[in-house]
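Chain letters run A, B, ... following the sequence lines, proteins first and then strands; every chain starts at 1. Fair warning: this is a prediction, and the values are worked out from it, not measured in the lab.
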There are 2 protein chains.
Amino acid sequence: MNTQTEEKAATTPPDLSTDPDAAAEIETTGDDVAETPGPRKLGRKRDHSRDPEILDAALDVLAEEGYDGMTIDMVAARAKAGKATLYRRWPSKGELVVDAVACMKRGDLDLDNLPDTGTLRGDLLAMVKPRTIVDAGRKLQIMAGLMSVLSRSPELASTIDAAIVEPRAQVNRILLRRAVERGEIAETIDIEAIALIAPSMAAYRSLVRQLPVDRDFLISVIDGIVLPAVGLPGGKTAEA
Amino acid sequence: MNTQTEEKAATTPPDLSTDPDAAAEIETTGDDVAETPGPRKLGRKRDHSRDPEILDAALDVLAEEGYDGMTIDMVAARAKAGKATLYRRWPSKGELVVDAVACMKRGDLDLDNLPDTGTLRGDLLAMVKPRTIVDAGRKLQIMAGLMSVLSRSPELASTIDAAIVEPRAQVNRILLRRAVERGEIAETIDIEAIALIAPSMAAYRSLVRQLPVDRDFLISVIDGIVLPAVGLPGGKTAEA
DNA sequence: TGTATCCGAAACTACTCAGTTCCGTATATA
DNA sequence: TATATACGGAACTGAGTAGTTTCGGATACA
């Protein structure tokens, strides 16, 4: 999906699930951007192992400067690469950003290895780890920088949804579904809505109010809102 | 943000609390931007009644294009004013935007005239009016366009907080406090956190997920999350 | 009615940045 | 070792925009 040609990217959003390394083996072609299926293969090959470094540099700049504030020169400088090298691999700034966001998906949150403590509260609290919090913070910063572009780029919007929004909601959905299955909470609750409480409140706190999303905040959301909303007592029961 | 009168903005954040109309009475001076206390008063006076039109045009462009996408020419064209006129009144794009956001505060949500139906649910539902929803939608659009600038401009950040974030939270705080006073909900609940549920979820839905914040959504948040979180049943009680 | 000032429109300046081209060097294939 | 190509670096092009200046015309005060 990296080095995506305009039309392909627009018409086949699922392609963004592939990672850059995959294309490396297939497209050993020439110097131009993912074109010319002709079988030439002489000379030095492009070092695709550097793609992740460049994409990560792009994410850093994106988080610090926002989409409009980010320049290709900044990304090149941070990646210690030449500007021309970036344009050999991605046809435009927009496609570089889409690729960078898409490749951010993997890295945290493996859905197959979620905590299973036996209680919903235990599971939710187990997700409040320093590493998870830091990762989420960076994602929120990146999202803030892309916010004003979202409405102008449906492709980027869906990429962000798949890379940032959906994974986190998915975790909560799974934990809630388990709680329903073990009879801990009523099966009439709106899992979809409940799963979005914590992501929503964290995003609002970070993006809009510019306040830190720390462990205490997340725990107070779990105990003060999420658990009461599904009919369970929080850490401190609040009965009159 | 670029162009943000580096020194002034950095050193005197409180100044942003003033609005242009206030300056109108005081500064009937000359042709330059709020300078020269000298007592000249000959010739045509500046028509400050047009300031709100210009600021409103700025907000429209801001909502549609975002801060970086907004140009002074766009604002001037929409306000049917000359570019020079804008620069006669505001020294820079940044200050124009700060002023526009600050002047958005008044217009909806008069805290002295809130619904009082006797129940928390009744009060909250009474706030879900088409007019309120539309106003909030525009504010969210504007916020999205300013998001990437927030971290670079503390002045703008606090202006947005005062104009958009705080008023809405304040309404919810008042309604919740009333419910506590009449004994409808426990006084141990975290009013501050509960008051932010609906704004947070609306912002997330609109800004991040690009979905409409309509009446049905707001009601489902009230009945499915806010009321259960304070220990009250929603419209449909969800007991196992 | 004269005049100082404002107005909208448009031309102009200075600058930034996306994207391109060129260069000398490094490196993988034949 | 010869060749074709990628590389980092830097100069270049072209478009767009913040902010300024200039202009003829409108307007409020004296």
**Student:** Looking at B:D135 and B:K139, does any basic side-chain N land under 4.0 Å from a carboxylate oxygen?
**Tutor:** no
**Student:** When you check the phosphate oxygens OP1 and OP2 of D:dT5, does a side-chain N or O of A:R46 lie under 4.0 Å from one of them?
**Tutor:** no
**Student:** So that I can tick it off, tell me whether A:R78 and A:E64 are bridged by a salt bridge, with the cut-off set at under 4.0 angstrom between side-chain N and carboxylate O.
**Tutor:** yes
**Student:** Would you please name every residue forming a side chain to side chain contact (heavy atoms under 4.5 Å, CB included) with A:M127, sequence neighbours left out?
**Tutor:** A:L109, A:L114, A:P115, A:V171, A:L175
**Student:** Evaluate salt bridge (Lys or Arg N to Asp or Glu O under 4.0 Å) for B:D56 paired with B:R138, printing each intermediate quantity in order.
**Tutor:** CA-CA 12 Å; B:D56 209 56; B:R138 184 171 183 246; 3.6 Å; yes
**Student:** The side chain of B:K45 is closest to which nucleotide in this list: D:dC7, D:dT27, D:dC29?
**Tutor:** D:dC29
**Student:** Is it true that B:K93 and B:D73 make a salt bridge, defined as a side-chain N closer than 4.0 Å to a carboxylate O?
**Tutor:** no
**Student:** Hey, does A:D47 reach any base, or is it just sugar-phosphate, or nothing, if we go heavy atoms under 4.0 Å?
**Tutor:** sugar-phosphate
**Student:** Could you run down nucleotides 9-15 of chain C 5' to 3' and tag each one B, S or - for protein heavy-atom contact under 4.0 Å?
**Tutor:** B------
**Student:** Angle between the two end axes of the helix from C:dT1-D:dA30 to C:dA30-D:dT1, five base pairs per end, rounded to 10 degrees?
**Tutor:** 10°
**Student:** Restricting to pairs with a member in residues 163-172 of chain B, which pass salt bridge (charged side-chain N to carboxylate O under 4.0 Å, His left out), not counting sequence neighbours?
**Tutor:** B:E166-B:R173
**Student:** Give the table of side-chain donor-acceptor pairs shorter than 3.5 Å for residues 211-219 of chain B, with sequence neighbours excluded, one pair per line with atom names and distance.
**Tutor:**
{"from": "B:D214", "atom 1": "OD1", "to": "B:F217", "atom 2": "N", "distance (Å)": "3.0"}
{"from": "B:R215", "atom 1": "NH1", "to": "B:V128", "atom 2": "O", "distance (Å)": "3.1"}

**Student:** Flag the pair B:D51 and B:R88 as a salt bridge only when some basic side-chain nitrogen lies within less than 4.0 angstrom of an acidic carboxylate oxygen.
**Tutor:** no
**Student:** Does B:M74 reach a base, just sugar-phosphate, or nothing at all? Heavy atoms under 4.0 Å.
**Tutor:** nothing
**Student:** Provide the full list of salt bridge (charged side-chain N to carboxylate O under 4.0 Å, His left out) pairs with a residue in residues 197-211 of chain B, sequence neighbours left out, each pair given once.
**Tutor:** none
**Student:** Where the side chain of A:R50 is defined as all heavy atoms beyond and including C-beta, which of D:dG8, C:dG8, C:dA18 is the nearest nucleotide?
**Tutor:** D:dG8
**Student:** Expressed in angstrom and rounded to an integer, what is the separation of B:I54 atom CD1 from C:dG8 atom C1'?
**Tutor:** 11 Å
**Student:** So which one's nearest nucleotide on DNA chain D is more toward 5', B:R44 or B:D73?
**Tutor:** B:D73
**Student:** Tell me the interatomic distance from B:L86, atom CG, to C:dC7, atom C1', rounded to whole angstroms.
**Tutor:** 12 Å
**Student:** Among D:dT17, C:dG19, C:dC6, which nucleotide has an atom closest to any side-chain atom of A:K93?
**Tutor:** C:dG19
